[in-house]
Amino acid sequence: MLIITNGDSAVEALRAAGIEAEYLPWRAVLHDGPIPEGLDLSALSSVRATYLASLGWGEESKIKADFTERNSALEEFRRHSEVLLWFEHDLYDQLQLLQILDWFSRRARPDTRLTLICEAEFVAQSPARRLEELFDRRGEVPPTTLEMGWRAWAAVRSPTPQRSAALLESGDEGLPFVQAALLRFLEEYPAPGTGLARSERQILESLLPEPLPVSMLFHQVGCREEAAYLGDWSFWHQLRILADDAQPLIRREGDSLRPVDPSQPGSWREGDWAITQLGKEVLAGRQDRVRLLGMNKWLGGVHLRPGNIWRWDPQKGRVIRDQTQGF
C-alpha cells in the first residue's frame, strides 16, 4: 500500500499507530502563490519551486529536486495494489487532495485500488486507536468523486474566481469539506471597503487590543479559523506582507518601520508585534488597502494586479470585479 498524506507530521503519526505502508508526504502549500492552468504536474512544480524560493523558503534547485522525487514516487503508483489518500478538512489539505484527485482522474489503474480517508480532525492530533479505526473504514474513491476533484481543481486554477464561487452551490460528490475550503480560499480575496483578506483582517483584529508576541498572535489567529490551515512559514509570510509595505499595517515593537529582513527567517519570532495607526484606519474601513498600496498577488490561477482586481463580498457571498479606474 501507498499512503499519500499532507506532510511529515501526519506520516509520523500514522507510522506510530502501526499502520504499515509506503508513505508519500505531499508537502505542497497551494493556498499561497501561483497555480496557473494549462501546466502538467512537472511544469507546475517548477513554477511552485520558483515561487517558494522567492519567499526564502529554500534553495530553488533543492525545492525542484524534492518535487521531482515526490512526483516520481507518484508516477510509480502502479507498483502498489492500493493507494490510500489520507487528508484533513482544512484548506491546506483540501487543495492537495484536489490536485491529487485531478491527477488520478487522468490515469488508468486497472490493478490498483484508490481509497480515501478524509475527516474533520487532524491526523497528528488523533490517538492511535482512532487512526486504526479510520484506516479500517477507508472507502473506495468512486468516479463521481474523481470528477468533482478535477472540476474543483480546474476552478481553483482558472484565471478568474467565478468557477470557484459557483462550486459553493454544487453538490460535494463524496468530498464533504471541499465547499468550505473553497469558501475559505475565496475569503483570501480583498474585501470591499478595507481591501483586506480574511487572514490579514484576523491578524489586525488580534493586535487591536494590545501588541502580542508572535507565538500568541499565531495561536489567536488560528483560533479564529473554523479549520486552521496556516503553518508557521505561511503565517510568517502573512506578517511580512503586512509589515513590508511602504506604509506598513503592522510593525514589531521598538522597530523602525523598515521591512523585516526575509533572509533572517528566525527574526520574525523576536519581540512583540503591534498594529500601526494606518492598520487601524484600514481595519475600520476608513482606508482601502488595495487603493492605498496596490496589489500583486496570486490566488490559484488568478493574478490580482492593477486592471485585474477581484474582491470577495462576504455579505453577498459572491466575487465582484473592482471596476475602479486603475484597479
Side-chain angles (χ1 to χ4, degrees), residues 4-7 24 26-41 43-45 47-48 71 74 77 83-107 109 114-120 138-189 197-199 225-230 234 297-304 310-314 317-319:
I4 308 175
T5 190
N6 61 29
L24 179 56
W26 199 243
R27 300 194 196 106
V29 184
L30 297 167
H31 52 75
D32 251 330
I35 320 175
E37 65 181 4
L39 302 178
D40 64 13
L41 181 60
L44 180 58
S45 296
V47 168
R48 296 296 302 166
N71 297 346
L74 182 64
F77 78 92
V83 175
L84 170 58
L85 311 180
W86 197 324
F87 288 90
E88 297 159 357
H89 58 305
D90 59 281
L91 175 60
Y92 174 86
D93 275 55
Q94 289 295 296
L95 291 179
Q96 291 184 351
L97 177 58
L98 294 180
Q99 182 181 31
I100 295 166
L101 287 172
D102 171 78
W103 190 88
F104 273 107
S105 73
R106 304 168 194 280
R107 280 153 181 85
R109 42 183 178 82
L114 185 64
T115 54
L116 174 65
I117 297 172
C118 188
E119 298 290 337
R138 68 192 185 278
E140 202 95 22
V141 176
T144 52
T145 298
L146 283 172
E147 180 181 355
M148 181 62 183
W150 71 253
R151 284 176 55 215
W153 184 239
V156 168
R157 299 182 68 181
S158 173
T160 64
Q162 294 104 319
R163 290 171 67 182
S164 292
L167 285 177
L168 299 181
E169 306 299 327
S170 68
D172 60 49
E173 298 296 350
L175 295 172
F177 307 112
V178 71
Q179 287 168 318
L182 288 175
L183 173 59
R184 185 63 192 87
F185 191 60
L186 289 166
E187 289 174 335
E188 285 304 287
Y189 283 84
R198 175 178 164 179
S199 60
E225 296 284 350
E226 294 80 16
Y229 72 95
L230 281 178
S234 293
K297 173 181 178 179
W298 281 88
L299 283 170
V302 182
H303 189 185
L304 297 169
W310 295 84
R311 298 180 184 245
W312 171 253
D313 188 334
R318 63 187 180 93
V319 288

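All values derive from a computational prediction rather than experimental measurement. When a residue number appears, it is its place in the shown sequence, counting from 1.
- For Glu173, there are no salt bridge (Lys or Arg N to Asp or Glu O under 4.0 Å) partners two or more places apart in sequence or in a different chain.
- A pairwise comparison of heavy atoms in Ala181 and Leu91 identifies O-CD1, 3.3 Å as the closest pair.
- Of the possible polar contacts, one joining the Gln94 side chain to the Glu88 backbone as a donor-acceptor pair under 3.5 Å is found.
- Two rings, from Phe185 and His31, have their centers 6.0 Å or more apart.
- Separation of the Phe104 and Phe77 ring centroids falls under the 6.0 Å cut-off.
- The shortest distance between side-chain heavy atoms of Val47 and Ile35 does not fall below 4.5 Å.
- Of the options Leu101, Leu84, Leu97, a side-chain contact (heavy atoms from CB on, under 4.5 Å) to Leu116 is made by Leu97 and by none of the others.
- For Asp93, the side-chain hydrogen bond (donor to acceptor under 3.5 Å, both in side chains) partners two or more places apart in sequence, or in a different chain, are Asn6.
- For Arg107 and Trp103, the positive end sits near the middle of the six-membered ring, less than 6.0 Å away and at most 45° from its axis.
- For Ser158, there are no side-chain hydrogen bond (donor to acceptor under 3.5 Å, both in side chains) partners at least two apart in sequence or on another chain.
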| Intermediate values then yes/no, side chain to side chain contact (heavy atoms under 4.5 Å, CB included), Thr5 and Leu85 | CA-CA 6 Å; Thr5 190; Leu85 311 180; over 6 Å; no
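- Residues Val302 and Pro161 approach most closely at CG2-N, 3.9 Å, considering heavy atoms.
- Residues passing the side-chain hydrogen bond (donor to acceptor under 3.5 Å, both in side chains) test with Glu147: none are found, sequence neighbours excluded.
- Residues that satisfy the salt bridge (Lys or Arg N to Asp or Glu O under 4.0 Å) test with Asp102, not counting sequence neighbours, are Arg106.
- Side chain of Arg138 to main chain of Thr115: no donor-acceptor pair is present (N/O by atom type, distance under 3.5 Å, no hydrogens or angles).
- Of the possible donor and acceptor atoms, none in the side chain of Gln99 sits under 3.5 Å from a partner among the backbone N and O of Trp153.
- Judged as a side-chain hydrogen bond (donor to acceptor under 3.5 Å, both in side chains), and not counting sequence neighbours, the contacts of Arg27 are Asp8.
- In summary, Glu226 and Arg198 engage in a salt bridge, as defined by a charged side-chain N under 4.0 Å from a carboxylate O.
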